[in-house]
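Only this structure's heavy atoms are used, side chains among them; waters, hydrogens and symmetry mates stay out. Order of listing sets the numbers, starting from 1, for every ligand and every atom in it.
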Amino acid sequence: MTGSPADAPTRTASVGVDVDSLWHYYRIHGLPGETTANTAWREGVSRFVELFGALGIPATFYCVAADVEIPGNVDRLRALVAAGHEIGNHSLNHRYDLTRMAPEDRVVEVGQGRYRLEMAAEAPVFGFRAPGYNTDAGLMADVRQTGHVYDSSVFPCAPYYLAKAGVMGAMTLLGRTSRSILGSPLALTAPREPYRMSDADPHTRGEGLTQFPIGVAAGVPLIGTAFTALGERAAVATAEVAVRLRRHVTLEFHAVDLLGLVDDTLDPRLAVQPDLRVPVAKKRRIFEAVLKTVARRAKFVRLCDLKVG
Ligand SMILES: [Zn+2]
């Protein structure tokens, strides 16, 4: 049979959702114009809450504090807390260039992000996730000094790094400007399991803040867009490998992962984000199968409840 009961409780898993509003995708893809559509919060978040609720899984929702100003979002934030989920800090304004900003501006993005989310949610915020996963020692010093107890921004995945480099290169050729930045290739050498970071380099072990790196198994990042691209069978197989390989698995989704161009009558130009073309019901089925696969071998916990020695 598969796995002894003795080893099941020692494995843990966590799932995070980055609540990036649609306007972030206009910036990533260099699309002209802005949108005020709140579909990611209104539909994306509520679909994930329904999915996690059906499976009895607690999650962490990494929120952008500026989005709390949008009418209705404070209530949505509090509803997440009431449902047993954790709120994480995804910064004040979702600037992709935090690692390049002046230190006095950067610390505001990190500290005000946490403060405003805590005020709005009426709940403590323990964790930080950097926009675009770009991190360095200076940013981590801010994360620590502003009262966070963990970070979950390191993404040690070569295919993702190369794909991002490729997309950004192609956009330059097309004369478009992406607001995303590539980040450090050092992330590729980071540990694959939760670890305490070195203060000098967040990608190496030390005595500092806890890092929960985004999961990678067999070269595949454990993120929603990858599961959608793989389809149900391959996504489940990847999840199975991950949960056998690791003592802790960190899965990552974005709120838009459960939006659809047709389902939600989105701006057709957002078809540049390929997984938005996939119907919501199909993606939900894939994600549910992945989460069930992980849950069979690991206990889902909120990251704020997990201790790393
Ligand atoms: Zn984001």
Take Y150 and H148 through the ring pair (Phe, Tyr, Trp, His ring centres under 6.0 Å) test and state the conclusion after the steps. CA-CA 6 Å; Y150 74 83; H148 299 81; 8.4 Å; no
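Inclusion of H94 in the first shell of the Zn ion (ligand 1) is supported: an N, O or S atom falls under 2.8 Å. Within the coordination shell of the Zn ion (ligand 1), defined by N, O or S atoms under 2.8 Å, H90 is present.
A side-chain contact (heavy atoms from CB on, under 4.5 Å) with Q211 is found for one member of T204, T135, V154 and no other, namely V154.
Distances from the Zn ion (ligand 1) to the N/O/S atoms of D20 are shortest for OD2.
Checked by atom type and distance alone, the side chain of E252 never pairs as donor or acceptor with a backbone atom of I223 at under 3.5 Å.
For D136 and T99, the side-chain atoms include no donor-acceptor pair closer than 3.5 Å.
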